[in-house]
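So the structure is just underneath, and the comments pick up after that.
Read the numbers this way: they start at 1 and go in the same order the structure lists the ligands and their atoms.
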Amino acid sequence: MYRLNDKIKDLKPYDPVGERYRIHLDANESFLPIPAEVLEEVKADLDKLEFNRYPDPLAKEACEAFSGYYGVPVRNVVAGNGSDELITVIFTAFLQKGDAFATLEPDFSMYAFNGFLQEMRHVVIGKKEDFTLDIDRVIETCNNEGVKLLIFSNPCNPTSVVQSREEMRKLIRGVDALVILDEAYMDFGAESLLKEFMDYDNLILLRTCSKAFGMAALRLGFAVANDMLAGALRAVKSPYNVNSVTQKIGAAVLRRKEELQKALAEILNSRNFLLEQIKQIGGEFPNCFTVFGGSTNFVTLVLEEPERLYQYLGEQGISVRFTSGLIRVTCGTEEENREFLQVLLNYLKEKGE
Ligand SMILES: *Cc1c(COP(=O)(O)O)cnc(C)c1O
């Protein structure tokens, strides 16, 4: 009888939100749909697609649109089936048997998961109490442990903390490892290294269309790196990793810079409102929780008994993410934000009684 190996026999499918909820503030998606006029335009393009043919293996049109939006050379851009796929490709190809990789915890759980599946040695480096990095300690640990790959998100999911460009420069220059800098949320922040990726021989930047650009369903992410690293990524990824529909729609949306900026401003408004209101509630309930946010499309709550709040919200039909002992709340429509705030307020009132 066939048995699953020990590595995978107890794994469960990724399903952070088991049940259906009324309000979804759990996955950091955009609450805005792709503008109707953009979709209308794309439909004509889709009619011309040859579904019997494989997609463009280099997703040239989508990479060009990405390159146009951010002003980076197209030859340094590689498309993936979401940045999740790119993370997996990087783990499979840039590490060899027995190599060590490092993560900075708490951080995006897929990094550790990929390293686990590849059976690589995992070096866990903690953060300070305020979730910032001790850059010198990270550099020292990576180099002492012979780390070959360092991967982390900036701004960080789930803490929402952003580290400065200057600190990133020091870190990338200081380590011997290949650095995977996941800027999934940098459209909401202001410390991107996108304009200077060329200055490093050990940097791969990751970006995604799932958060700021409202295309989570399409699965489109990008890696940006120098010629050698971008070339290696193209050589090791599976040939037809981004499907034709995603390439077409992704390119059409990324070319609409003005609409994207408008949507981004709307998301930032929502985030600011949510953050300000939570801070206000914090003033009314001192010492009940700490809130982090300001560089992402979500806010992060640190509090005692986070699971209790998580469950309370769930019972009211609101799903948030409970991870690494933190409560992560994606900003939503104004109505969704208001409902969340009301339930948070109710929770704190009931708890105080
Ligand atoms: C959401 C997220 C991703 C995955 O993005 P996809 O492009 O949808 O795969 C990668 N990294 C971080 C930190 C994320 O939060």
Would you call [X]-[Y] a salt bridge at under 4.0 Å N-O?
X      : Y      : result
Arg338 : Glu335 : no
Lys170 : Glu166 : no
Arg75  : Asp227 : yes

Please list, in number order, the atoms of ligand 1 under 4.0 Å from a heavy atom of [X].
X      : result
Arg219 : 6 (P), 8 (O), 9 (O)
Tyr111 : 13 (C)
Ser153 : 13 (C)
Thr208 : 5 (O), 6 (P), 7 (O), 8 (O)
Ser210 : 6 (P), 7 (O), 8 (O)

- Task: Indicate the ring-plane relationship of His24 and Tyr21, choosing parallel, tilted or perpendicular according to the 30° and 60° boundaries.
- Result: perpendicular
- Describe, in one word, how the ring planes of Phe213 and Tyr70 are oriented to each other, choosing from parallel (under 30°), tilted (30 to 60°) and perpendicular (over 60°).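 Aromatic pair Phe213/Tyr70 classed tilted.
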Write out the residue and atom name of the closest protein heavy atom to [atom], then the distance separating them to 0.1 Å.
atom                    : value
atom 3 (C) of ligand 1  : Lys211 NZ, 3.5 Å
atom 15 (O) of ligand 1 : Tyr185 OH, 2.6 Å
atom 5 (O) of ligand 1  : Ser83 OG, 3.1 Å

- Item | Pairs satisfying side-chain hydrogen bond (donor to acceptor under 3.5 Å, both in side chains), at least one member in residues 268-280, at least two apart | Ser270-Asn337
- Item | ligand 1 contacted by Asp182 (non-hydrogen, < 4.0 Å) |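 It does; at least one heavy atom falls under 4.0 Å.
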- Task: Check whether any heavy atom of Met110 sits under 4.0 Å from an atom of ligand 1.
- Result: no
- Heavy-atom distances under 4.0 Å are what count here, so tell me which part of Asp84 touches ligand 1: side chain, backbone, both or neither.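 Looking at Asp84 and ligand 1, atoms from backbone and side chain both fall under 4.0 Å.
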- Message: If we count only N and O atoms by modelled type, under 3.5 Å, do the side chains of Arg207 and Ser192 hold a donor and an acceptor together?
- Response: yes
- Centroid-centroid under 6.0 Å between His122 and Phe116 rings: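 No, they do not, as the ring centres are separated by 6.0 Å or more.
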